[in-house]
There are 2 protein chains.
Amino acid sequence: MANIREIAGLAGVSVSTVSRVLNNHPYVRDEKRQAVHQAMERLDYHRNLPAIHLSKGTTNLLGVVLPSIEIPYFGNIVEGIAEEGLKHDLQLVLIQTNYNVEKELEALELLRGSLIDGLIFTSRAASLKIIKEYNPHGPIILCEDSDQTDLPSVSIPHEKAFMDGLDYLLTKGHTKIACTLGRKQGTNSHKRIKAYQTIMDKINQPVREQWIFDKCLTIEDGIHLTENWCRMTERPTAFLVTNDQVAAGMVLTAKEKGIHMPEELAILSFDNQQIAKAMHISTIDIPIKQMGKKAVQFIQNTEKRSKVSLPFQLIERATV
Amino acid sequence: MANIREIAGLAGVSVSTVSRVLNNHPYVRDEKRQAVHQAMERLDYHRNLPAIHLSKGTTNLLGVVLPSIEIPYFGNIVEGIAEEGLKHDLQLVLIQTNYNVEKELEALELLRGSLIDGLIFTSRAASLKIIKEYNPHGPIILCEDSDQTDLPSVSIPHEKAFMDGLDYLLTKGHTKIACTLGRKQGTNSHKRIKAYQTIMDKINQPVREQWIFDKCLTIEDGIHLTENWCRMTERPTAFLVTNDQVAAGMVLTAKEKGIHMPEELAILSFDNQQIAKAMHISTIDIPIKQMGKKAVQFIQNTEKRSKVSLPFQLIERATV
DNA sequence: GTAATGTATGAAACGCGTTTCAGGTCAAGA
DNA sequence: TCTTGACCTGAAACGCGTTTCATACATTAC
């Protein structure tokens, strides 16, 4: 592969001039520019990206940490990131972690090693303290509702959304309310649990541990949940669930079993994905894709605030 | 940021020795190794990735071209790629194209520019000829059933699968069969259309152009499809559809409208995603994730064949 | 005892584009 | 005519780790 020096030789100019041509610097006489272009064509020259990266110290590569691409929530964030990244000529480096701290550290090492210019955590398992330590090496954005760090973050006010969801179920006459979480450890889950406890206290209901279901993320999980519900001795009348997937699984199974919805069993979920609309599931719309976009704007310094909270909206449909 | 030369100075050794320590080369005396480690610690040294990439000529970065992450089919392939890539210490660079040839070319330029060591096309819009031209710069793997090029490819035998699907509908007594495609231009679509025509000919049915529906990918599309079906004067009694998403949309709407399935309307789809199981949709299982894994094995030269065709399996459920 | 190996280390070149600095030309303004 | 600034160009240094080559000592083998 030809390099810049060979081009310079063939075109009869210096490497600096070739570099100028490459970077569209104005101070190059037309004849020389032509000569360089010809030489590049003749030798089929193409720049070596790692060399540019080394030289410039930046790569236009953006790291994205996510547990799994298959979970639509994260897929959507990535979609938003990709869309906004496109505008700024950023390529995405995906780091799939499955909530493995090791993998998250690897992602942070990519930042320290100057392979990526910035890093977006769509979710995390590592501690804020550790993550913060890497901040000097490049911008790090969190997609979570965190007030414990000054790292920039873009989020949905999960606590508030959860609270509103519960309130809505209350107004519909439910007091026996269960909820599901994606991952109890998750940063967002804490907020949700807190909101749950607050509301239960308010209406003088006990916080039944067995009514807080962990690891509910998929349709399959939803199916098991309804099956579970059937076997319970004391049954909740309403569920506030992790996402539309879980709700879909629940609704499908509930219908099969002839459970009356929403009378016997009400379901309210989060996300407002296509499936929720198709199945008339009541849900809380959260602008997931928008989160991804905003995160990129943070990286690009387009957004000056350090915390951005995105609005959610309760969508009333048939399951509550 | 400290570099290797500073470390060498502080440790009182040469840069080569530092490099050896960094790369676990055996020919370094223990004392020196210690000294280097200490110096690295003292200066908080961390390697610069672009420098290594430039030096080595490889990056352990793998490009993945895909139209959209939100389409579960592609999300699944990426999942497979990520899983297998993990084993080989590969990071993924995602290039979302929306079937835009320009973007695909950008991806190919990354390969030429030595930023990525290999490139996987989960789908493509660019011509094989153009793609082939970039092959000298690194391995390129296609996820399609192509016999027109010697580029390695991993695929599902779409033609055969489609044929089998149609045959199955035939055995169930259907002759008025419609089908949907994700994208008529798509390489897989050609095969599917061909299969469709072959079968229609065989049973002396006309190939009704208006029964080949294009751009059907989402639940939403499925909903519209059933609505459409209701308004048709001459109705097909069976559909072979792009994926489970579309099928789900169709089934949901059909149930709402009181259409009897499978008597009035039979549906067979592709993929066998969770939603198909949950909704008892008859489908043709294709090992999507496996495709991603195999693709990586091609990149790593673990797979010696140049074409791999993965098995599919018809899953009988309630919609046919 | 001498040749052949293995171990250990450093200097220098290499991969390749960018950037700084110094020097030069030429036209416009004083 | 002299100055000033815009325009143009090239040499050399720089970013940073890897690799080759030469050298030197320590073993082992015959």
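Chain A is the first sequence line, chain B the second, and so forth, proteins listed ahead of strands; every chain is numbered from 1.
- Relative to the six-membered ring of B:Y27, B:R20 misses at least one condition, a distance below 6.0 Å or an angle of at most 45° to the axis.
- The distance from atom CG of B:D30 to atom C1' of C:dT9 is 15 Å, rounded to the nearest whole Å.
- Between B:S55 and D:dG17 there is no side-chain polar atom (N or O) within less than 4.0 angstrom of OP1 or OP2.
- Among the heavy atoms of the strands, none lies under 4.0 Å from A:P50.
- Using modelled atom types, one side-chain atom of B:T122 and one backbone atom of B:V65 make a donor-acceptor pair closer than 3.5 Å.
- Nearest-nucleotide assignment on DNA chain C puts the 5′-proximal partner with B:V15, out of A:H46 and B:V15.
- Between B:H25 atom NE2 and D:dT20 atom P the separation is 10 Å, expressed in whole Å.
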For a side-chain hydrogen bond (donor to acceptor under 3.5 Å, both in side chains) check, start with the C-alpha distance between B:H137 and B:R112, then their side-chain angles and the critical distance, and finish with the verdict. CA-CA 5 Å; B:H137 302 101; B:R112 167 137 68 187; 4.6 Å; no
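- Remark: the B:T17 side chain and the C:dA8 base include no donor-acceptor N/O pair separated by less than 3.5 Å.
- In this structure, the side chain of A:K294 does not engage the main chain of A:V308 through any donor-acceptor pair within 3.5 Å.
- Residue B:K56 contributes atom NZ, which lies 11 Å from atom C1' of D:dT19 at whole-angstrom precision.
- Between B:I52 atom CD1 and C:dC16 atom C1' the separation is 16 Å, expressed in whole Å.
- Of all nucleotides listed (C:dT7, D:dT19, C:dA11), C:dT7 comes nearest to the side chain of B:Y27.
- Atom P of nucleotide D:dC14 and atom CG of B:N48 are separated by 17 Å, given to the nearest angstrom.
- Across the protein-nucleic acid pair, A:N3 atom CG and C:dT18 atom P stand 12 Å apart, rounded to whole Å.
- Using a 4.0 Å heavy-atom distance criterion, A:R20 is classed as a base contact.
- In this structure, A:V28 reaches the sugar-phosphate backbone alone: every heavy-atom distance under 4.0 Å involves primed, P, OP1 or OP2 atoms, never a base.
- Within 4.0 Å (heavy atoms only), A:L54 reaches at least one base atom of the nucleic acid.
- The interatomic distance linking A:H53 (NE2) with D:dG17 (C1') rounds to 17 Å, in whole Å.
- Note on B:V18: nothing from the nucleic acid sits closer than 4.0 angstrom, heavy atoms only.
- Counting non-hydrogen atoms under 4.0 angstrom, B:I4 reaches a base of the nucleic acid.
- Spacing between atom CZ of A:R29 and atom C1' of C:dG24 amounts to 11 Å, rounded to whole angstrom units.
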